Participant: 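Before I ask anything, here is the structure I am working with.
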Amino acid sequence: MQEQISRRQFIRASAAGAAALAVGQFAVAAPQRRRPNILIITTDQQRIDATSASGNRWVKTPAMDSLAAGGVSFMQSYCPYPLCSPSRAALHTARAPHELLVDHNSMSIDRTIPISGQIFRAAGYDTGYAGKWHLPNPYPEGGIAGYDVLNTSTRMGKLARVVDESTLQAAIGFLRRRRDKPFLLTASFINPHDICLLANTNNLTDELWARYGPQDGADLPPLPDNHALSQGTPQSQARRARHGDWVAHRWRRYRYAYYRMMEDVDRQIGRLLQALRQSGREEDTLIVFTSDHGEGLGCHGWTGKLHFYDDAAAVPLLMSWKGVIPAGRTDRNHLVSALDVLPTLCDYAGVDAPPASRGRSLRGVIDDPKAPGQAYVASEMAVGQARSFMIRTGRYKYMVFHEGPKAEMFFDMQADPGEMKNIAAEANTAAEIDRHRKLLAQWCVLTQVEKYPILPNPKQNRPARRNAKKG
């Protein structure tokens, strides 16, 4: 562990010069018809199916639906790590979380790697960030590299609806600025993340149930079809299932509250989109909407994130730009990842993408839905002293866990989209499983996994540091 800490300190000490050199590489590429403004909107803990546009009748999300109607919705979209900080870091760098030295929440991105704000500011953009960052602090009063931080007064202890209102107002203020150059604005909302507070007893539970909970006689969502554990679930993963003692009624109330939180943040996103229209810049703005990870919501008896089931690892990804990106298209064929967002934005803006991007521009498949996509996408988690991985291909999903004895899960996503039967032990899947193991090996070589030992979790190490200071 001491070697890991020393290594990180060494990298931090030499980061400033390397970061300046890296950012200096980015310039405007060949001229194009127009350079778009860019608006990145993110929520926290949103499932890919948590919009009415996706066919979910238990929630009404007119703002998100309008983005889907005006652009392309990717329905095979995955996060690089089903946890907040690592996923956000990957979104803004196009690099795998372990390459960024972000193995857990509340960790800083390796400063030698440029992030979105630095890249676009160097290319002449006005850049602003409103809302949650969490790299390392939720609301960084010390700033974010390459961005004007637009709201720094909020704290993690506040409820999302309060913090998100601050984010909304800060983002609207940025849109109203007079400027003679294009802008990149990130508006990072928290809801429906407050559902985490309803999974356990806490001092905010009563207030949240009063706002989001069902009234007597309300029509409650049913239990999900994949509420039970998957057949063939490895013991290590079965132990991780949360709240197995909840009765059906409690699960249904929990699901109801989640959808009300979704509607809360959708109203705020609607107000942001209205402000964009009123600014007169809507037709010149490329909008990206996504989330950092999903939410179990009772699937497989699970709440929260930190699993590779689609419930936690699949996230919405919508892109729209009036007159440029086709309107109203749902893409169910191409595998995409949050790693693809930054290269795509650079492509549309005529800006050089980071040379070590692990994602690829989606502009080709947006322009031509028959164009070939990528063969697979990957996701990861750092648990204990080992990493777990997911490889998703067109038909299958492979997961490997190293919490104790190695455990594998393998699903036919066409025949079993709810991931209810682990077929890793079936003889007729051996060749496909071997193919996916080889794809994972390729990914690990590409991203130099062996070079990056897992770093300590800051949350778990805080008490030790406090005690050391007292001593």
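Owing to the predicted nature of the structure, the values given are computational and were not obtained by experimental measurement. What you see below is based on every heavy atom in this structure, not just the backbone, and it leaves out hydrogens, waters and symmetry mates.
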Participant: With a 4.5 Å limit on heavy-atom distance, are the side chains of Tyr81 and Val102 in contact?
Facilitator: no

Participant: Are Trp246 and His227 close enough that their ring centres sit under 6.0 Å apart?
Facilitator: no

Participant: side-chain hydrogen bond (donor to acceptor under 3.5 Å, both in side chains) with Gln237: which residues, sequence neighbours excluded?
Facilitator: Arg240, His307, Glu403

Participant: So, does Thr344 use its side chain to make a donor-acceptor pair with the main chain of Leu362 at under 3.5 Å?
Facilitator: yes

Participant: Give me the ring orientation class for Tyr309 and His300: parallel if the planes are under 30° apart, tilted from 30 to 60°, perpendicular past 60°.
Facilitator: parallel

Participant: Are Tyr398 and Val400 packed together at the side-chain level, in the sense that at least one heavy-atom pair is separated by less than 4.5 angstrom?
Facilitator: yes

Participant: Could you tell me if the side chain of Asn226 sits less than 4.5 Å from the side chain of Asp311, heavy atoms only?
Facilitator: yes

Participant: Please examine the side chains of Met64 and Gln46, heavy atoms only from C-beta on, and report whether any two atoms are closer than 4.5 Å.
Facilitator: yes

Participant: Are the side chains of Leu100 and Tyr452 in contact, using a 4.5 Å heavy-atom criterion?
Facilitator: no

Participant: Mind checking what makes side chain to side chain contact (heavy atoms under 4.5 Å, CB included) contact with Val149, not counting sequence neighbours?
Facilitator: Ile144, Thr152

Participant: Classify the side-chain pair Tyr125/Asn37 by whether it contains a donor and acceptor separated by less than 3.5 Å.
Facilitator: no

Participant: Inspect the contact between Asp44 and Arg88 and indicate whether a charged nitrogen and a carboxylate oxygen are less than 4.0 angstrom apart.
Facilitator: yes

Participant: Would you say the side chain of Asp194 lies within less than 4.5 Å of the side chain of Asp264, judging by non-hydrogen atoms?
Facilitator: no

Participant: Under 4.0 Å between a side-chain nitrogen and a carboxylate oxygen: does that hold for Arg358 and Glu99?
Facilitator: yes

Participant: Would you say Ile119 and Pro354 make side-chain contact, with heavy atoms under 4.5 Å?
Facilitator: yes

Participant: State whether Arg360 and Asp347 are salt-bridged, where the test is any N-O pair (Lys NZ or Arg NE/NH1/NH2 against Asp/Glu carboxylate O) under 4.0 Å.
Facilitator: no

Participant: Under the side-chain contact (heavy atoms from CB on, under 4.5 Å) test against Leu286, which residue among Ile325, Leu39, Ile40 passes?
Facilitator: Ile325

Participant: Please examine the side chains of Leu168 and Phe189, heavy atoms only from C-beta on, and report whether any two atoms are closer than 4.5 Å.
Facilitator: yes

Participant: Assess whether a salt bridge exists between Arg387 and Asp103, defined as any Lys/Arg side-chain N lying under 4.0 Å from an Asp/Glu carboxylate O.
Facilitator: yes

